[in-house]
Each structure stands twice: as structure tokens, then as C-alpha cells.
Amino acid sequence: MELSKNFDPASAEEKWYQHWKQKGYFKSVPDKRTPFTLVIPPPNVTGVLHMGHTLNETVQDILARNARMNGYNVCWVPGSDHASIATEAKVVDMLKKEKNISKKDLTRESFLKYAFEWKEKYGGIIYHQIEKLGCSVDWDRVTFTMDDDYYKAVIKTFVSLYRDGLIYRGARMINWDTVAKTALSDEEVEYRDVQGTLYYVKYQVVGSNEFVTIATQRPETIMGDVAVCANPDDERYRHLKGKKVTIPMVNRMVPVIFDSYVDKEFGTGVLKITPAHDINDFNIGLAHNLPVIDTLNEDGTLSEAAEIFVGVDRFEARKRAVEFLREKGLLVKEENYSSRIGYSQRTHSVVEPRISTQWFVKMKDLAAPALQEVQNGNIRIHPHEKFIATYQYWLENVKDWCISRQLWWGQRIPAWYDEEANLYVGESEAEARAKYGLNDSVSLRQDNDVLDTWFSSWLWPMQVFNGITNPENEDYNYYYPTTVLVTGQDIIFFWVARMIMAGMKFSGKKPFSDVYFTGMVRDNLGRKMSKSLGNSPDLLQLIHEYGADAVRFGIMISSPAGNDLLFDEASLEQGKHFNNKIWNALKLIRMWSNHSDFGKIEKQEASELFATDWFEAKLREARADVNELIAQYRLSEALKTIYSLVWDDFCSWYLEWIKPAYGTSISKDTYEKTLRYFDSLLQMMHPFMPFITEEIYHILDDRDTDLMMTQNPSEGKVENGILKDAEHLKSLITATRDARNKFKLQQKEPIALYIETNSAKDYTKISTILQKQVFASAIHLNSRPEGNAVQVVCGNEKLHLVTEKEVDTGEQKDQLQKDLAYLKGFLISIDKKLSNEKFVQNAKPEVVELERKKKADALEKINVIEQSLKSLG
RNA sequence: GGGAGCAUAGCUCAGUUGGUUCAGAGCAUCUGCCUUACAAGCAGAGGGUCCGCGGUUCGAGCCCGUGUGCUCCCACCA
């Protein structure tokens with residue numbers, strides 16, 4: 001078979017993914033082996049995968065494939081999340097744009113039909129991308145958070161928590177999204193610093209000409225004021241005790257009250273109390289028995305209760321209120337003021353604090369075991385230091401979780417009300433009736449709200465194995481707790497912490513043993529990826545352009561554990577080059593077997609044996625390093641180690657060392673060994689770059705096994721001596737090549753090489769390779785040539801390059817003198833150390849000994865250089 | 001306001017218990033090469049006050065203190 005000039009990713013990807021799938025390699029069923037379980041962080045069915053997913057999925061696939069090759073029974077469960085609010089918003093948008101249908105014209109059922117169609121479409125796109133990336137997920141286990149069983153699990157969980165007294169319904173101040181028209185949890189609100197204005201407004205004291213001035217950012221809420229409040233210790237306002245003030249615009253009279261909450265120093269020291277629209281005001285209102293006047297509608301327009309600007313949007317109303325106050329002369333001054341404003345994570349609209357009746361989960365009792373499990377080390381977080389404090393702080397200060405959403409897309413809250421609004425909770429209406437002893441004459445209607453999306457995803461590691469709906473099943477008992485969770489650090493509270501809570505509560509076990517947090521993917525300027533910046537590349541396009549292996553390589557090589565990843569297509573380019581390099585190594589090796597004399601020479605020569613022994617040792621060393629790095633989740637460094645092993649050690653050194661002279665054939669033994677090493681390299685690379693490695697594995701040899709299912713060898717001891725010998729050889733080669741470069745001797749300019757040395761080094765094993773690698777006509781040991789030659793010092797050996805060509809000895813001298821100066825400085829610092837009595841007394845003996853050896857080495861090198869300089873005259 | 005993390009070559013980052021040439025890697029740059037696997041390549045090279053200051057120590061990139069700068073998380077001061 002003739003091999004193409006370069007690796008063709010597209011055909012290999014299609015071929016091998018289908019092959020693996022058909023062979024059932026991705027599929028997992030419980031057996032006697034140790035399980036290695038991963039559950040994919042289910043992507044939202046709102047759209048397509050972005051670079052963050054790509055990073056995440058790649059990391060998981062590397063871990064999965066690595067574990068599979070280490071003998072584990074790997075199960076990686078794929079799936080997607082219904083993403084209640086995000087998807088509903090997208091569907092509403094689509095309906096309006098594409099079909100000109102408004103949500104309010106649809107019934108719940110028909111809306112859900114559209115939503116499920118949406119899910120089919122985008123879920124399919126996501127799964128296709130996961131496949132293109134090469135992810136070895138078990139496709140028989142695809143789970144969606146609105147599957148029937150999953151839906152049941154969520155409902156079951158709700159009922160169980162309710163019956164445990166951990167879920168309650170009540171009117172509280174919550175975060176209201178005026179665009180999606182739903183409540184949000186605290187976590188769904190993002191705060192941003194915004195430059196605003198502080199308005200100083202005069203309120204007239206009733207029955208006097210006196211005014212009090214209050215500072216507010218939200219003059220449009222003045223109509224909801226029910227009091228003004230000062231600090232009881234504030235001399236300036238003490239005389240107002242028992243008085244009332246008139247609220248501007250609506251001219252309502254409200255009391256002056258006193259509360260130590262008010263900061264005397266801030267603004268004017270007087271606060272307006274608007275319980276419906278500010279959490280602090282709400283609390284003060286409660287303490288002082290004040291009424292609540294809600295002046296906003298659910299869409300953010302002013303309500304009837306406002307009396308003025310009714311139906312006007314809150315921001316427009318603010319402008320008009322300011323205008324109004326200014327005209328009436330009640331606006332004393334305006335000043336710039338920066339404050340933090342909450343925005344909805346999904347609709348990006350300004351969140352409105354609002355009193356509303358919602359469902360909540362009591363978090364305190366759930367938090368304690370979740371915190372303990374991490375603190376006692378049962379769950380390990382990587383990288384540890386960075387997130388442990390954040391995790392702990394959140395759990396220790398956790399607030400109740402608002403879980404009801406005024407949406408249709410999601411699990412509908414299993415609560416029913418009779419005509420007197422009495423509440424019945426049950427897994428179904430029938431179950432609720434039975435539980436509460438209601439007969440059919442009582443008519444019930446179900447709560448309209450659905451549950452927060454995270455109230456379903458917190459069950460993910462359990463319910464993908466039906467652990468909630470059927471806790472006694474074999475899969476669940478075998479695969480759960482899962483092994484490692486790989487996810488973005490941005491959802492540590494939304495998801496990770498809550499999964500741990502749910503795990504501890506519902507299974508009594510942690511949901512996973514390790515958590516690996518990936519950083520955020522940014523562009524190469526450090527900016528967040530976003531559609532508006534146009535810096536968010538399309539995954540399929542990248543795969544098309546570079547190949548899946550190159551994409552995986554590129555994203556992993558620049559991905560330090562836990563840090564943000566600055567995505568740069570240059571690293572994908574690097575990945576593509578690497579693929580090509582591997583491909584060309586394959587071509588070279590294959591070429592050797594095509595030589596007409598191939599097979600006639602069985603045995604290796606000494607130099608070949610040296611090369612193969614060395615590479616075998618090198619391979620073992622690297623494999624041990626890589627295993628260690630992967631165990632520590634330092635995947636980027638593991639990949640760098642492999643990259644350097646393949647490119648530098650295998651291609652640049654080893655293959656050149658064993659390359660047969662022009663026209664001659666390689667020995668069979670060397671060839672066979674080389675194939676074995678190549679196999680080993682493929683094995684090490686496979687988790688990172690599955691397609692090209694599988695492709696080459698099959699080109700190298702006609703076999704019925706597949707690389708993906710081969711097992712890594714158990715470790716042997718690394719032979720150290722030969723590694724040192726090879727380093728010595730490399731340094732001689734490099735020094736000679738460097739000398740050629742410096743003294744303008746073309747690479748093939750004939751030279752004879754003389755090596756002068758005092759040490760008892762063995763050159764027999766390496767001289768053949770050395771001669772070949774530096775294009776020397778001959779190598780003379782422990783002798784020096786007559787006449788002129790280029791002299792170069794390599795450690796404590798002196799090399800002479802004898803050539804016909806005229807050589808500029810001046811340049812040589814400069815170079816030697818530079819080296820000499822450095823060494824002399826080095827010697828002084830060592831002498832200083834050794835003549836320091838405290839050092840000699842206090843340092844460990846081996847350290848002192850080492851310094852003595854360094855000194856001796858330096859002296860010898862200096863001696864060599866000085867001799868050279870002398871001979872140069 | 002509270003907390004966490006970071007600062008090492010032009011860029012992105014390694015650097016484990018303080019001690020081996022410890023000052024490293026990749027990318028980028030420069031020089032020379034179209035050499036029979038690969039120019040998507042080969043062979044070499046240059047490049048750093050380890051953020052500043054102070055301390056501990058025989059010895060600090062590493063430990064302690066402090067200052068500066070950056071990033072992130074949390075928090076109800078109008």
C-alpha cells in the first residue's frame with residue numbers, strides 16, 4: 001500500500017469511530033473488573049458545543065481511554081440537560097421569529113411539543129459533535145434530564161424532601177427576571193459594577209415647612225415607600241420622632257421611623273423604606289410592621305399600585321420621575337454613584353427584588369455532610385488549593401434555594417391545591433389524594449410552576465444509572481459512586497456542590513471521588529469567548545480544518561490544569577504538524593522493510609544495540625512519568641512529555657541513529673524492535689490522539705486487535721546507565737554540529753574528529769553513531785591532530801574538527817575565552833562556598849561532597865580550555 | 001467590605017522536601033540548510049534583576065513579613 005504524503009484525518013476519523021462503535025468498545029456492562037465511571041456534564045440543549053465543552057470532553061475522553069487501557073471497566077455516560085429557562089427562552093424566541101407565534105397564545109401542551117422538537121434537533125447536533133471529537137461514550141446510556149424515568153426521579157426527590165420538611169413554600173423576597181417572567185435562584189444572578197446616579201429628593205414633613213432629604217438610586221420606587229428611616233442616634237433627625245412625611249408624586253403620608261440599620265454617614269442619613277423592592281427595606285418593614293406596596297408588574301412595568309406612570313417600564317418611569325421631581329423643585333442634587341446591579345444569567349436583564357410565593361429547599365442540613373465529605377478528603381478537588389476555600393465558604397453560608405420557576409419547560413411541581421388553596425404534595429395527583437385521603441369530589445389543580453434545572457441535574461450521577469428510581473439495580477451498585485467528574489469551575493455552586501449534597505442525602509454516598517476543574521476557555525487575547533466578539537470558533541469547522549486529533553492536541557497542550565486556557569489556533573496548527581511528524585516516521589520505517597535486502601541481516605550491530613537499548617530505557621522512563629502525571633491530572637504536562645519523547649527522542653535521535661546507510665538494509669532485529677517501540681508510542685499517544693494512532697497501528701502491521709483496547713504494560717525498572725551514555729553521545733553530537741555552524745563548515749564538509757579526554761569513558765558503543773551523526777570520515781580517540789583544526793570543548797572533553805577548509809582561529813578564541821570566563825566565575829562561587837566554614841559544617845555531607853566534585857570538574861574544564869587557547873597561540 | 005489565587009524568557013507556562021549546571025519547556029525570534037520520512041521539515045543559536053523591599057538560613061525562584069500590580073469568588077449600605 002502506498003502511503004499518502006500526509007496524514008488524512010477525515011477518512012481515519014470516520015472509519016475508526018464507526019469501527020470502535022460497531023465492535024462495542026464504548027459499551028460497558030458490569031463485570032469483575034474495577035469500574036471507572038464518568039458522567040458527562042450534560043450540555044444544555046440550547047445550541048451547539050463551544051470550546052469549553054471541547055476542552056471538557058477531551059479531558060474526559062483522555063481519562064476514559066487511558067483507564068480502559070489500564071484494565072478498568074470504563075463507563076462514560078453521555079447526555080444532555082433540558083436547561084429549563086435557557087431553552088424555554090430560545091424556543092419562545094424561535095417561535096416568534098420563525099412561526100410568528102407568541103407563547104401566550106399556546107397551551108402548555110402545545111408549547112411543550114415545540115420544545116421537544118427543539119430538543120431533538122439540538123440534542124442531535126450536540127451528540128454528533130461529541131462523536132466527531134472521538135469521545136468514547138457509551139451510546140446505549142444516553143440520558144436526557146427530561147426522560148420519563150429522570151422526570152420521575154426528580155418528582156420523587158421533591159416529594160421526599162418535602163416530606164422530610166426540607167422543602168417549603170412561602171412568600172419571600174426573591175430575584176425576579178422581568179424578561180423571562182420567572183423567579184431565579186441567588187446563583188442565577190450575576191452582579192456587575194454599574195455607574196449610576198444617586199438622586200437626593202426632598203420629602204416634606206407633615207405640618208411644617210421642614211423637609212428631609214433622602215438619597216436614592218431608584219426614584220421610580222418612591223410610590224412604594226411606606227416610611228422614611230433614620231438612625232436612632234442621629235441628632236439631626238431625633239426631633240422628627242412621631243412625625244410623618246409626605247411622599248412626593250403620590251402625596252401619601254408615611255411615618256418617620258428609627259432603626260440602627262441606617263448608616264449616619266451615608267447620603268443624608270435618612271433612608272426611604274420600600275419593602276416591596278429592596279431586601280433590606282423588606283426586613284426593616286417586617287420589624288416595624290409596615291405594609292408592602294408592590295408598584296411593579298411581573299414584566300417590569302409599573303402597576304396600578306404606583307398610581308402614577310402605570311404601565312410604564314421601570315427605566316422609563318425612572319426618567320419621568322426624575323423629571324417630575326425636578327419640576328416640582330424636590331430634586332436637591334444628583335451625583336454619580338457606582339453600585340453593583342444584579343443581572344439575570346440567562347436573559348441578561350436587570351433582576352428585580354420582588355416578594356413572591358415560591359418553593360424553597362432548606363440548605364443548611366444538606367450542606368453539612370457535603371462540606372464534610374470534601375474536608376475529610378473523601379472527595380478530592382483538583383487543583384485543590386484554588387477551590388477548596390470557595391467551596392467551604394459557600395457551604396458554610398448557604399442560603400435557601402429557590403427552586404420554582406414560572407416556566408413550562410421542566411419538571412412540573414408535584415403539588416396540588418383545592419379550592420381553598422390547601423396544599424397537597426404527592427408523586428402524582430392520585431398518590432396525593434391517597435396520601436391525604438381526598439375523594440374525587442374535591443377538585444384539585446396542579447401548581448403551574450416547574451423546577452429549577454439544577455434541581456434535576458443535581459441527581460445526574462445517580463439517576464443516569466436509575467439510582468433514584470430504582471436504587472437496587474446492578475448498574476447503580478456497580479458504577480456508583482462515579483470515579484471522576486470533569487467540569488468547569490464556574491458551576492461549582494450550581495452543580496458540583498449540589499450534586500454532593502444530593503449524593504450524601506439520597507444515596508448516603510459521595511457522587512464521585514475526584515473533581516477536576518478545567519479553566520475557562522478564552523481567546524488568545526484573554527477575552528471571554530462570545531458570539532458578539534466573533535472569537536468563538538465552530539468546533540466542526542476546526543475539526544474539518546485541522547482534524548480531530550489536532551484539535552484535541554492543540555487544546556490540551558495549552559491547557560494548564562485549573563488555569564484559564566488561552567485558545568489559539570496556532571496550537572492546533574502545532575497539533576497538525578505533530579500528526580504529520582508521526583505519519584512521516586511511519587513512512588520511514590515502512591520504507592526500510594521495502595529494501596531488497598531486507599530480512600537478510602538478522603543480528604544487530606553493537607551501535608544498533610546501543611540505540612535500541614537506550615530507546616527502550618527512555619520509553620520506560622517516559623511512560624512512568626506520563627502515568628504519574630495523568631494520575632495527578634496534569635494532562636497538559638503528560639502530553640508535553642509524550643510530544644518530546646516522540647519528536648525529539650524517537651524521531652530526531654533514535655530513528656537517525658538506526659537509519660541504515662544509503663543503499664543498505666536495516667537488520668531484522670532492529671526493525672522488529674522499532675516496530676514494538678512505535679506500538680508503545682502509539683499506545684501512549686492514543687488517549688490524546690485516538691484516530692491517527694489507531695490508523696497507524698493497523699498500517700504498521702496487519703492485525704485483528706485494535707489499539708484502543710490494548711493494555712498498557714506493567715512497569716519495569718529503568719536502566720539508568722544507558723540513559724547517561726546516550727546523553728553523553730548527544731552532547732558530543734550537538735557540540736560538533738554547533739562547531740560546524742559557528743565556523744561555517746557546511747553540514748557535509750568532510751571532517752575528521754579527534755577526541756581528547758582524561759576521563760575513562762567508553763566510546764566503543766557510541767563512536768559508530770557519533771561518526772554517522774556528525775558526518776566524520778573518522779574518529780580518533782585520545783589523540784590530537786597535527787596542524788590546524790577547529791577546537792571545541794564539550795564538558796571536559798576536547799574535540800578537534802580537522803578540515804581542509806581555512807578556519808578563523810580568532811572566532812574560536814573568542815568562544816573559548818567566553819567559556820573560560822564563565823567557568824572561572826563559577827569556580828569562585830564554589831570556592832567561596834567551600835571556604836565558608838558554616839557551610840561545610842551545616843550542609844549535608846553529600847551536598848558538600850557534590851560541591852567538591854563540581855569544583856574538580858570546573859578545574860578540569862578550565863585546564864582543557866587553557867590548553868586549547870595555548871595551542872591556538 | 002470579606003476571601004482566594006497569581007506575578008519566572010517576547011508570549012503561554014513547568015520548577016515536588018530550600019542544596020546535582022537551577023534558572024527550564026513549548027511557541028515566537030535569529031543563523032545555516034530544498035540532506036534520500038517529513039520545508040507542515042532538518043541542524044544550531046540567542047534571550048530572564050525569578051515583581052520591589054526586608055527577614056530566616058551556611059545556602060532562597062522555593063520559607064516568613066511587607067509593598068505594588070493583575071485575576072477570580074463572595075457580600076443587602078440607600
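This structure is a prediction, so every number in the text was calculated from the model and none was measured. Residue numbering restarts at 1 for every chain, and letters A, B, ... go by the order of the sequence lines.
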Fill in: Out of B:U36, B:G41, B:A45, whichever nucleotide has its closest atom nearest the side chain of A:K581
B:G41
Fill in: Pairing residues for A:F678 by the ring pair (Phe, Tyr, Trp, His ring centres under 6.0 Å) criterion, not counting sequence neighbours
A:F650
Item to complete: Could you check whether A:K264 gets within reach of a base, just the sugar-phosphate, or nothing at all, counting any heavy atom under 4.0 Å?
Response: nothing
Practice prompt. Using the C1' atoms only, state how far B:U56 lies from B:U66, rounded to an integer number of Å.
Written response: 15 Å
Discussion item. Classify A:V262 by what it touches in the nucleic acid, base, sugar-phosphate, or nothing, heavy-atom distance under 4.0 Å.
Written reply: base
Discussion item. By the 4.0 Å heavy-atom rule, please label A:N283 as base, sugar-phosphate, or nothing.
Written reply: nothing
Worksheet item: Applying salt bridge (charged side-chain N to carboxylate O under 4.0 Å, His left out), which residue pairs with at least one partner in residues 735-751 of chain A are found, sequence neighbours left out?
Response: A:D738-A:K742
Fill in: Whole angstrom value for the distance that separates C1' of B:A78 from CG of A:D259
13 Å
Discussion item. Under 4.0 Å, counting only non-hydrogen atoms across every strand here, what does A:R340 touch: a base, just sugar-phosphate, or nothing?
Written reply: base
Worksheet item: Under 4.0 Å between a side-chain N or O of A:K640 and OP1 or OP2 of B:C27?
Response: no
Practice prompt. Check A:K861, A:K853, A:K855 against A:D857 for a salt bridge (Lys or Arg N to Asp or Glu O under 4.0 Å) and give me the one that passes.
Written response: A:K853
Practice prompt. Would you indicate what A:W592 reaches in the nucleic acid, counting non-hydrogen atoms under 4.0 angstrom: base, sugar-phosphate, or nothing?
Written response: nothing
Item to complete: Classify the nucleic acid contact of A:N842 as base, sugar-phosphate or nothing, counting any heavy atom under 4.0 Å across all strands shown.
Response: base
Practice prompt. Look at A:H577 and B:G41 and indicate whether a side-chain polar atom (N or O) is within less than 4.0 Å of OP1 or OP2.
Written response: yes
Worksheet item: Considering only B:U20, B:C74, B:C76, which nucleotide approaches the side chain of A:L850 most closely?
Response: B:U20
Practice prompt. Indicate, with a heavy-atom threshold strictly under 4.0 Å, whether A:T268 touches base, sugar-phosphate, or nothing.
Written response: nothing
Discussion item. Which nucleotide wins on minimum distance to the side chain of A:N580, given the candidates B:A37, B:C38, B:A78?
Written reply: B:C38
Discussion item. Return whichever of A:E265 or A:K659 has its heavy-atom-nearest nucleotide of RNA chain B closer to the 5' end.
Written reply: A:K659
Discussion item. Can you see if the side chain of A:W653 gets near the phosphate of B:C42 - specifically, an N or O under 4.0 Å from OP1 or OP2?
Written reply: no
Worksheet entry | Atom pair distance, as rounded to whole Å: CD1 in A:I692 and C1' in B:A40 | 12 Å
Fill in: With A:F493 via ring pair (Phe, Tyr, Trp, His ring centres under 6.0 Å) - residues at least two apart
A:W394
Worksheet item: How many Å lie between CG on A:D564 and C1' on B:C73, as a whole number?
Response: 13 Å
Discussion item. Among B:C76, B:C74, B:G19, which nucleotide has an atom closest to any side-chain atom of A:I279?
Written reply: B:C76
Item to complete: Compare side-chain N and O positions of A:S339 against OP1 and OP2 of B:C77 and report whether any pair is under 4.0 Å apart.
Response: no
Discussion item. Let me check I have this right: for RNA chain B, each base becomes ., (, ), [, ] or |, based on Watson-Crick or G-U pairs with both distances under 3.5 Å. What is the full string?
Written reply: (((((((..((((.....[....)))).(((((.......))))).....(((((..]....))))))))))))....
Item to complete: Apply the ring-ring contact (aromatic ring centres under 6.0 Å, His included) test between A:F553 and each candidate in A:Y546, A:Y643, A:F688; give the one that qualifies.
Response: A:Y643
Worksheet item: Just how far, in rounded Å, is P of B:C74 from CG of A:L395?
Response: 13 Å
Fill in: Between B:G26 (P) and A:D649 (CG): distance, integer Å
12 Å
Fill in: Euclidean distance, atom OH of residue A:Y393 to atom C1' of B:G3 [Å, nearest integer]
8 Å
Item to complete: Measure from the side-chain N and O atoms of A:S338 to the backbone N and O of A:Q195, and report whether any donor-acceptor pair falls under 3.5 Å.
Response: no
Worksheet item: Which part of the nucleic acid, if any, lies within reach of A:A843 when heavy atoms closer than 4.0 Å are counted: base, sugar-phosphate only, or nothing?
Response: base
Discussion item. By the 4.0 Å heavy-atom rule, please label A:D263 as base, sugar-phosphate, or nothing.
Written reply: base
Discussion item. Quick check: any donor-acceptor pair below 3.5 Å linking the side-chain of A:E656 to the base of B:A37?
Written reply: yes
Worksheet item: So does A:Y261 get a side-chain nitrogen or oxygen closer than 4.0 Å to the phosphate oxygens (OP1/OP2) of B:C76?
Response: no
Discussion item. Regarding A:E837, tell me which of base, sugar-phosphate or nothing describes its non-hydrogen contacts under 4.0 Å with the strands shown.
Written reply: nothing
Practice prompt. Mind checking A:L271 for me? I need base, sugar-phosphate or nothing, with any heavy atom below 4.0 Å counting as a touch.
Written response: base
Fill in: Phosphate-side-chain proximity, A:Y643 and B:C27, N/O vs OP1/OP2 below 4.0 Å
yes
Discussion item. If the condition is salt bridge (Lys or Arg N to Asp or Glu O under 4.0 Å), which residues does A:D259 pass it with, not counting sequence neighbours?
Written reply: none
Fill in: Sidechain-backbone polar pair: A:H277 side chain, A:R218 backbone, donor-acceptor under 3.5 Å
no
Worksheet item: Just checking A:Y337: base, sugar-phosphate only, or nothing, at a heavy-atom cut-off of under 4.0 Å?
Response: sugar-phosphate
Worksheet item: Rounded to the nearest 0.5 Å, how far does CG of A:L586 lie from CD1 of A:I696?
Response: 5.0 Å
Discussion item. Under 4.0 Å, heavy atom to any atom of RNA chain B: which of residues 741-750 of chain A qualify?
Written reply: A:N741, A:Q747
Practice prompt. Give one of base, sugar-phosphate or nothing for A:T734, where a contact means two heavy atoms less than 4.0 Å apart.
Written response: sugar-phosphate
Worksheet item: Over how many whole Å does the gap from A:L572 atom CG to B:A40 atom P extend?
Response: 18 Å
Worksheet item: Rounded to whole angstrom units, what separation is found between the CD atom of A:E846 and the C1' atom of B:G19?
Response: 9 Å
